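Please read the structure below before turning to the comments.
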Amino acid sequence: MPLDLQPDTVCAYGAVALKDQALNAWADGQQVIVTTAMMRFAATEEELAVVVAHEIAHNAMRHIDAKNKNATAGAFFGLLLDIAAATQGVNTGGDFTNSGAQIGAMSYSQDFEREADYVGMYILARAGRNIDRAPDFWRRMAQESPGSIKYAASHPTTAERFLRLEQAVAEIRAKQLSGRALLPEVKAPAETPRDP
């Protein structure tokens, strides 16, 4: 007999399972996408929750909006260089515009990853998930598939990431013991748009 499951909407972001052999997950501002390879790699539901919480944090902190804004600004400055080159009779084919967009998109990306790790830990804790082994998951992923983080320039090193996550666990545990609210202590950078 088929089960009649009623969805429990607790988050405005949709989730998509993408059939793909790449060990990856990402957020696009509206949803969280997790590849089937990542779903197989996550040994437990708790490990999969670590991945999803990290990606939800990217959406919640509006990192994709900020990345797009930075890419647009970079493309504009690149366009100015393309126009300057064209006035001198040099056809760049839009190379400066494209390069500017890529550089702009990479601006602050390590900071966004750090923030998503940190806020993701709070999402896990507030959802009643076990946060103690979350740092180990990221370490295991880095060991299993060092190339899974495609752009080293966009992600913190594994050692740094592990230490920051351990610090987040300690911070959350201290708040739980003292009865303080489980709210991340995030300073809003000017580059990340926020709701008023």
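Owing to the predicted nature of the structure, the values given are computational and were not obtained by experimental measurement.
- Grouped by direct or indirect side-chain proximity (heavy atoms under 4.5 Å, Ile/Leu/Val/Met/Phe/Trp/Tyr only), Leu183 sits alone.
- Checked by atom type, the side-chain pair Glu113/His58 shows a donor-acceptor distance below 3.5 Å.
- Between the side chains of Gln176 and Arg173, at least one donor N or O sits under 3.5 Å from an acceptor N or O.
- In this structure, Asp136 CG and Leu165 CG are separated by 10.0 Å, a value rounded to the nearest 0.5 Å.
- Summarising the geometry, atom CH2 belonging to Trp138 is positioned 15.5 Å from atom CZ belonging to Arg164; distances are rounded to the nearest 0.5 Å.
- Note that the CZ atom of Arg133 and the CZ atom of Arg140 stand 11.5 Å from one another [nearest 0.5 Å].
- Rounding to the nearest 0.5 Å places CD1 of Ile131 at 12.5 Å from CD1 of Ile123.
- Summarising the geometry of Arg180 relative to Ser178, their closest heavy-atom pair is NE-OG, 3.0 Å, with the distance given to 0.1 Å.
- Closest of all the heavy-atom pairs between Leu124 and Ala134 is CD1-CB, 4.4 Å.
- Here Val16 is tied into one hydrophobic group with Leu18, Trp26, Ile33, each link being a pair of ILVMFWY side chains closer than 4.5 Å.
- At a threshold of 4.5 Å between non-hydrogen side-chain atoms, the residues Phe137 and His54 do not count as touching.
- By the 4.5 Å heavy-atom criterion applied to side chains, Met38 and Met141 are counted as neighbours.
- One hydrophobic cluster, built from ILVMFWY side chains closer than 4.5 Å, cannot hold both Val119 and Leu163; they sit in different ones.
- Residues Ala42 and Leu48 come closest through the heavy atom pair CB-N, 3.7 Å.
- Residues satisfying the salt bridge (charged side-chain N to carboxylate O under 4.0 Å, His left out) criterion with Glu55, sequence neighbours excluded, are absent altogether.
- Between Arg40 and Gln21, some side-chain heavy-atom pair lies under the 4.5 Å cut-off.
- Between Ala53 and Gly120, the closest heavy-atom pair is CB-O, 3.5 Å.
- Rounded to the nearest 0.5 angstrom, Thr36 OG1 and Leu23 CG are separated by 10.0 Å.
- By the side-chain hydrogen bond (donor to acceptor under 3.5 Å, both in side chains) test, Tyr118 pairs with Glu171, sequence neighbours left out.
- Looking at Arg114 and Asp117, no side-chain N of the basic residue comes within less than 4.0 Å of a carboxylate O on the acidic one, giving no salt bridge.
- A salt bridge (charged side-chain N to carboxylate O under 4.0 Å, His left out) check over residues 118-130, counting only residues at least two apart or in different chains, returns the pairs Glu45-Arg129, Glu46-Arg129.
- Residue pairs that meet the salt bridge (charged side-chain N to carboxylate O under 4.0 Å, His left out) test with at least one member in residues 13-33, sequence neighbours left out, do not exist here.
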